[in-house]
Student: 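Below is a structure I'd like to ask you about.
Everything numeric in this text was worked out from a predicted model, so none of it was measured.
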Amino acid sequence: MWRELLPIGRHADSGGYRRFAWTGADTECRAWFQEQAEGRGLAYEVDRNGNQWAWLGDPAAGDAVVTGSHLDSVPDGGAFDGPLGVVSSFAALDELRARGAEFTKPLAIVNFGDEEGARFGLACVGSRLTSGQLSVDAAHRLTDGDGISLPRAMEAAGYDPDGIGADPERLGRIGAFVELHVEQGRALDLSGDRVGIASAIWPHGRWRFDFRGEANHAGTTRLVDRRDPMLSYAETVLAARREAELAGAVATFGKIAVEPNGVNAIPSLVRGWLDSRAEDQATLDTVVGGIEKAAREYAEAHGIDLDVVRESFTPVVEFDHALRDELARILGKDTGITVPVLGTGAGHDAGILSGTIPTAMLFVRNPTGVSHSPAEFAAEDDCVAGVLALADVLEGLACR
C-alpha cells in the first residue's frame with residue numbers, strides 16, 4: 001500500500017507532495033482508497049461532502065467504530081501526515097482478519113477530504129462540513145488562488161456540490177472515532193516510546209495581515225519618501241517570534257503575497273498569514289494580541305494602513321476522557337506498559353469531530369519531529385507498532 005501511494009502527487013524538484021483537494025493528485029489518491037476498500041470486500045461510498053468511507057458491517061446498525069485520516073497534503077508536504085493513518089487503518093483491518101476477530105459492531109475506514117486546507121485556505125473542510133462547523137454559504141464562498149470556488153472544484157472533479165452540508169444522521173451512527181497519525185513533534189522520540197495517546201489539541205488559528213502602502217520605483221524613490229509595507233511586515237514577523245518565545249507558544253508567518261511583486265517596485269500591498277498556537281486560550285490571546293499591537297505600531301510609524309482578519313479558529317480540544325482511558329487500558333492490558341499521553345499543537349479531523357462524537361488519537365513516533373516537509377519520516381518498525389496498536393484498539397472497541 002505504501003509503495004503504491006508514494007509516487008502520487010510527488011513533486012520532482014522538491015521531493016514533497018502536492019496533493020491538493022479536488023486536483024488530479026487528489027483524484028488518484030481517492031481512486032487508490034476505493035481500490036483498497038473494494039479489494040477487501042468493504043462497502044464503499046462517498047458522502048455528500050466528498051469524504052470516502054469503507055464499511056465492514058451495516059452502517060445503519062449504529063454505534064460504529066471508525067478509523068482513518070486524510071490523504072491530501074500541504075504544499076511540498078511529507079509522505080506520512082495523513083496517509084499513515086489511512087494505510088494503517090487498512091493494515092489494522094487485515095491484522096484483525098488474520099487474528100480471526102469477530103466484529104460485534106460495524107467498522108468503517110474514512111478518508112476525510114481537504115484536511116490540510118492547502119487549496120482553499122481552511123483546514124478540515126470535509127469534517128467541518130459533516131459536523132456542521134462550516135456552513136453551506138461559507139463553503140460556497142471558499143476560493144483558491146485562481147479564484148475557483150470549492151463547489152466548482154468539486155464539480156470539475158466529478159462530484160456533485162449541491163448536497164454539501166451537515167450530516168448528523170451519518171455522525172449519529174458512529175460510537176467512536178480513532179485517528180492514527182504520525183507525531184508532529186519529538187515527544188515520543190525523547191521518551192523512547194513508539195506509540196502514544198493524544199490528550200488534547202492546542203487552540204489555534206490563522207490570521208491575515210494586510211499591510212497597504214504605496215507602489216513606487218525602487219531605484220528613484222528616496223527612502224524618506226517611501227511608504228513601504230514590506231518594512232512593517234518584516235518587523236511584524238520578528239515580533240511574532242518574540243511574542244511566542246515570551247509566552248511559551250508558537251507563531252509563524254508561513255505564507256506571503258506581494259503586489260505588484262516586481263523586483264524593481266516598492267510594494268503597494270504585503271499580505272501575510274499568521275499561524276499561532278498555544279497550550280491554552282488565554283496564552284494564545286496574549287500572543288496574537290501582542291503581535292497585532294506591534295504590527296499596528298510599526299504600520300503607523302511607516303505610514304502604512306493595516307487590516308487584520310481572523311480567517312479560521314479552533315478552540316482547545318480535549319479528547320473524550322473515557323475513550324482515551326479505554327485506549328490506555330487496551331494497550332496496557334497484556335503488557336502492563338503505560339502508554340504516554342501527550343498534547344499536540346496540530347489540528348486534526350478527530351479534533352473537529354470531538355464536539356459531536358467521542359474521538360481519540362494515536363501517535364506514531366517521529367524521530368526528527370519534522371512534519372509538513374519532505375523530510376517527514378517514521379521508521380518502518382514504528383509504523384508496524386502503530387498498526388498493531390490500532391488493531392488492538394479496534395479489537396477492544398468493536399470485537400468480541
Side-chain angles (χ1 to χ4, degrees), residues 74-75 116-118 120-123 138 141-143 145 184-185 201-317 343-347 372-373:
V74 298
E116 295 290 6
F120 299 101
L122 179 65
R141 290 194 298 270
L142 293 175
T143 58
Q184 295 167 294
I201 297 176
W202 287 9
H204 57 278
R206 298 177 181 182
W207 290 262
R208 192 186 76 235
F209 285 63
D210 293 343
F211 298 88
R212 300 183 187 276
E214 181 179 45
N216 214 326
H217 197 294
T220 62
T221 309
R222 297 190 312 161
L223 292 180
V224 296
D225 292 334
R226 300 184 180 203
R227 294 177 56 225
D228 186 351
M230 187 64 77
L231 296 177
S232 301
Y233 170 72
E235 290 171 321
T236 303
V237 171
L238 297 176
R241 175 59 179 261
R242 188 166 57 249
E243 293 291 332
E245 284 181 333
L246 289 171
V250 292
T252 306
F253 277 95
K255 180 180 176 181
I256 183 175
V258 181
E259 296 178 9
N261 203 29
V263 175
N264 59 349
I266 298 167
S268 59
L269 169 68
V270 176
R271 176 169 287 150
W273 282 264
L274 169 71
D275 180 300
S276 189
R277 309 170 191 231
E279 191 169 0
D280 57 70
Q281 185 64 57
T283 303
L284 182 61
D285 290 342
T286 298
V287 171
V288 176
I291 296 169
E292 182 174 348
K293 180 176 182 292
R296 295 197 180 281
E297 290 173 352
Y298 297 139
E300 183 178 358
H302 295 297
I304 303 301
D305 296 323
L306 172 63
D307 292 320
V308 179
V309 179
R310 188 177 80 177
E311 291 193 334
S312 68
F313 178 73
T314 303
V316 63
V317 172
T344 176
H372 284 188
S373 158

Student: Test side-chain contact (heavy atoms from CB on, under 4.5 Å) on Val317 and His204 and set out the steps.
Tutor: CA-CA 10 Å; Val317 172; His204 57 278; over 6 Å; no
Student: How would you list, by chain and number, every residue that makes a side-chain hydrogen bond (donor to acceptor under 3.5 Å, both in side chains) with Arg141, sequence neighbours excluded?
Tutor: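 With neighbours one apart ignored, the set is empty.
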Student: Taking the side chain as C-beta and beyond, is there a heavy-atom pair between Thr252 and Val250 under 4.5 Å?
Tutor: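 A side-chain contact is absent here, since even the closest heavy-atom pair is not under 4.5 Å.
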Student: Scan for side chain to side chain donor-acceptor pair (under 3.5 Å) pairs involving residues 277-288, sequence neighbours excluded, and state none if there are none.
Tutor: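 Matches after skipping sequence neighbours: Asp275-Arg277, Asp280-Thr283, Gln281-Asp285.
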Student: So, do Phe313 and Val288 sit near enough that their side-chain heavy atoms are less than 4.5 Å apart?
Tutor: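 SC-SC contact between Phe313 and Val288 ruled out.
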Student: Going by atom type alone, with no hydrogens or angles, which donor-acceptor pairs under 3.5 Å involve a side-chain atom of residues 237-245 and a protein atom two or more places apart or on another chain?
Tutor:
unit_1, atom_1, unit_2, atom_2, d
Arg241, NE, Glu245, OE2, 3.0
Arg242, NH2, Tyr298, OH, 3.2

Student: Might you work through the side-chain contact (heavy atoms from CB on, under 4.5 Å) test for Ile304 and Leu306, ending with a clear yes or no?
Tutor: CA-CA 6 Å; Ile304 303 301; Leu306 172 63; 5.6 Å; no
Student: Let me confirm one number: the CH2-CZ distance from Trp273 to Phe253, rounded to the nearest 0.5 Å.
Tutor: 11.0 Å
Student: Measure across Lys255 and Tyr233 and return the closest heavy-atom pair with its distance rounded to 0.1 Å.
Tutor: O-OH, 4.4 Å
Student: Looking at every non-hydrogen atom in both residues, tell me the closest pair between Phe209 and Ile291 and how far apart they are.
Tutor: CZ-CG2, 4.0 Å
Student: Let me check something: any side-chain donor-acceptor pairs from residues 259-272 under 3.5 Å, sequence neighbours excluded? List them with distances.
Tutor:
unit_1, atom_1, unit_2, atom_2, d
Ser268, OG, Glu259, O, 3.3
Arg271, NE, Asp210, OD1, 2.7
Arg271, NH2, Asp210, OD2, 3.4

Student: When you check the gap from the basic side-chain N to the acidic O, do Glu311 and Arg206 get nearer than 4.0 Å?
Tutor: no
Student: Quick one: side-chain contact (heavy atoms from CB on, under 4.5 Å) partners of Gln184, sequence neighbours excluded?
Tutor: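 Gln184 satisfies side-chain contact (heavy atoms from CB on, under 4.5 Å) with Asp81, His181, Ala346, His348, Ser371, His372 once adjacent residues are dropped.
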Student: What donor-acceptor contacts under 3.5 angstrom involve side-chain atoms of residues 211-219, with partners at least two apart or in another chain?
Tutor:
unit_1, atom_1, unit_2, atom_2, d
Asn216, OD1, Thr221, OG1, 3.0
His217, ND1, Gly219, N, 2.8
His217, ND1, Thr220, N, 3.4

Student: So do Thr314 and Ile201 actually touch side chain to side chain, heavy atoms under 4.5 Å?
Tutor: no
Student: Which heavy atom in Val74 sits nearest to a heavy atom in Ala118, and how many Å separate them?
Tutor: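 Smallest heavy-atom distance, with atoms named: CA-CB, 4.1 Å.
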Student: Would you call Glu300 and Arg296 a salt bridge, taking side-chain N to carboxylate O under 4.0 Å as the test?
Tutor: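 Salt bridge absent between Glu300 and Arg296.
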Student: Do you know which two heavy atoms are closest between Val258 and Met230, and how far apart they sit?
Tutor: CG2-CE, 3.8 Å
